[in-house]
There are 2 protein chains.
Amino acid sequence: MSASKREELVQNALTIFYEGGFNAIGMDRIAAETGVSKTSIYKHFRTKEDLILATLRLHDEQFRNWLVRRVEVLASEPAQRLLAVFDALREWLLEPEFRGCMFVKASAEFQDRASPIHAASAEHKRLLQIYFEKLADKAGAGHPGELAAQLQLLIEGAITIAHLHDPHLAAETAGAAARVLINAALPANAVPMVAED
Amino acid sequence: MSASKREELVQNALTIFYEGGFNAIGMDRIAAETGVSKTSIYKHFRTKEDLILATLRLHDEQFRNWLVRRVEVLASEPAQRLLAVFDALREWLLEPEFRGCMFVKASAEFQDRASPIHAASAEHKRLLQIYFEKLADKAGAGHPGELAAQLQLLIEGAITIAHLHDPHLAAETAGAAARVLINAALPANAVPMVAED
DNA sequence: ACGGTGATTGACTGATCGGTACACCTTCCC
DNA sequence: GGGAAGGTGTACCGATCAGTCAATCACCGT
């Protein structure tokens, strides 16, 4: 199996797991829907857990790349980029394929902290946190780590609520709250508040 | 089976599902660990889904009762009660048995919006939102629904991050962010800010 | 054209899944 | 004591689980 074939398999497995859950999807179904026989899959991934880890690694890379590039396109000023994170978030939440955060689901199904899957999910969130902290620092926040942590709570909450209720409302609420938190954390009024009517 | 026996079964199933996940725990294990035979369980619950729904209903009731009473004890002034929600949240996140939100996990494993389990999870969050909105209204917020939605994002985010990373940090961050959001949403300075370092 | 080699496969394993058939055993009224 | 009634446990159903293996396929240098 070529490297590209392998990546294609992981990509397809990613989609299937994302739509159906990890425990609920069996390897037989992965084999059937990807067109790759189970034996071949097990040649490249020792266990189902290994395959899941590969999908998580791929998704982590794809998602963070997408986010960083989207934010770069949406804004150029550091303070505006902090807000642009929430514009990008809205775009994601409003996608019709949106089904919540894959890593949150993974950690929900593999909750043992000793599980590599749980660890991979935690690592993804940690890398995001570092990215937000860098943005907050460039924007001039007094305590960039604190602001980044606060914004991450909003983002995770918005993902959860968007999955359970209205994605529009979750995105708008997160953006409004982020505006307040960012404004409170930046020294000057670097970010204009929306009119309070 | 008496009503109390039935409730005990649901309570035990709740604990087992919470610790092990819904799909990952089989009915055989529920029977073995509760000491009630599978046949008896199926006499009272038509399907596994029915049993899960019963555990979710029980947990919804227990959790919201706990939260409301805890907030009543922790604070008496309306504005302080909004903050007390985050004190209660901290207590929960720091419990050694804390494993994330049961409803978030349920909706992660049963993501089809048509699933009654997904609906029950959404309903739980909706009831919480209504409670927060009532608190925000009594505290004098100009747009209580908006403030309540923002606070709920913080809470959901804190639950997620506490499960993946440090519960202490998640609780502290949520409390600090809530303070900022509440202060910005209330007309007077009803809630004193913490010192800025 | 051919022998060899590594990738691929369909068919299989024992275990477990959600759910059920039936025999049993208590309980109660008489 | 007899018998009806209903709750309970054992043993089982077909389906599916993660994972394996002997046989087969495609491709390569010669």
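Remember, predicted model here, so these are calculated numbers, not experimental data. Labels below follow one simple rule: chain letters A, B, ... track the order of the sequence lines, proteins then strands, and each chain is numbered from 1.
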Of residues 13-24 of chain A, the positions that come close to DNA chain D - non-hydrogen atoms, cut-off under 4.0 Å: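 Under 4.0 Å from DNA chain D: no residue of residues 13-24 of chain A.
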Of the nucleotides [options], which has the atom closest to the [X] side chain?
{"X": "Thr39(A)", "options": "dT20(D), dG9(D), dA18(D)", "answer": "dT20(D)"}
{"X": "Lys38(A)", "options": "dG18(C), dT8(D), dG19(D)", "answer": "dG19(D)"}
{"X": "Ser40(A)", "options": "dT8(D), dG19(C), dT8(C)", "answer": "dT8(C)"}
{"X": "Lys48(A)", "options": "dG19(D), dT8(D), dG18(C)", "answer": "dG19(D)"}
{"X": "Asp28(A)", "options": "dT20(C), dA18(D), dG10(C)", "answer": "dA18(D)"}
{"X": "His44(A)", "options": "dG19(D), dC17(C), dT8(C)", "answer": "dT8(C)"}
{"X": "Lys43(B)", "options": "dT8(D), dT9(C), dA18(D)", "answer": "dT8(D)"}

[atom1] of [X] versus [atom2] of [N]: gap in Å, rounded?
{"X": "Glu49(A)", "N": "dG19(D)", "atom1": "CD", "atom2": "C1'", "value": "14 Å"}
{"X": "Met27(A)", "N": "dT13(C)", "atom1": "CE", "atom2": "C1'", "value": "16 Å"}
{"X": "Phe45(B)", "N": "dT8(D)", "atom1": "CZ", "atom2": "P", "value": "12 Å"}
{"X": "Ile52(B)", "N": "dC17(C)", "atom1": "CD1", "atom2": "P", "value": "13 Å"}
{"X": "Tyr42(B)", "N": "dC13(D)", "atom1": "OH", "atom2": "C1'", "value": "13 Å"}
{"X": "Ile41(B)", "N": "dT10(D)", "atom1": "CD1", "atom2": "P", "value": "13 Å"}
{"X": "Glu33(B)", "N": "dT16(C)", "atom1": "CD", "atom2": "C1'", "value": "15 Å"}

Proximity of Phe103(A) and His124(A) rings by center, below 6.0 Å: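 When the ring centroids of Phe103(A) and His124(A) are compared, they turn out to be within the sub-6.0 Å range.
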Any donor and acceptor pair, going by atom type alone, linking the side chain of [X] with main-chain N or O of [Y] inside 3.5 Å?
{"X": "Ser40(B)", "Y": "Val36(B)", "value": "no"}
{"X": "His165(A)", "Y": "Ala122(B)", "value": "yes"}
{"X": "Ser121(A)", "Y": "Ile117(A)", "value": "yes"}

Sugar-phosphate, base or nothing in reach of Ile25(B), heavy atoms under 4.0 Å: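 Sugar-phosphate only.
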Residues Arg99(A), Glu19(A): salt bridge by 4.0 Å N-O rule: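 No, Arg99(A) and Glu19(A) are not salt-bridged.
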N-O pairing of Asp137(B) and Lys134(B) below 4.0 Å: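 Salt bridge: no.
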Thr47(B) vs dG18(C): side-chain N/O to OP1/OP2 distance below 4.0 Å: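 No, outside the criterion.
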Geometric cation-pi criterion Lys105(A) and Tyr18(A), 6.0 Å radius, 45° cone: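 Positive - Lys105(A) is close enough to the ring of Tyr18(A) and near enough to its axis.
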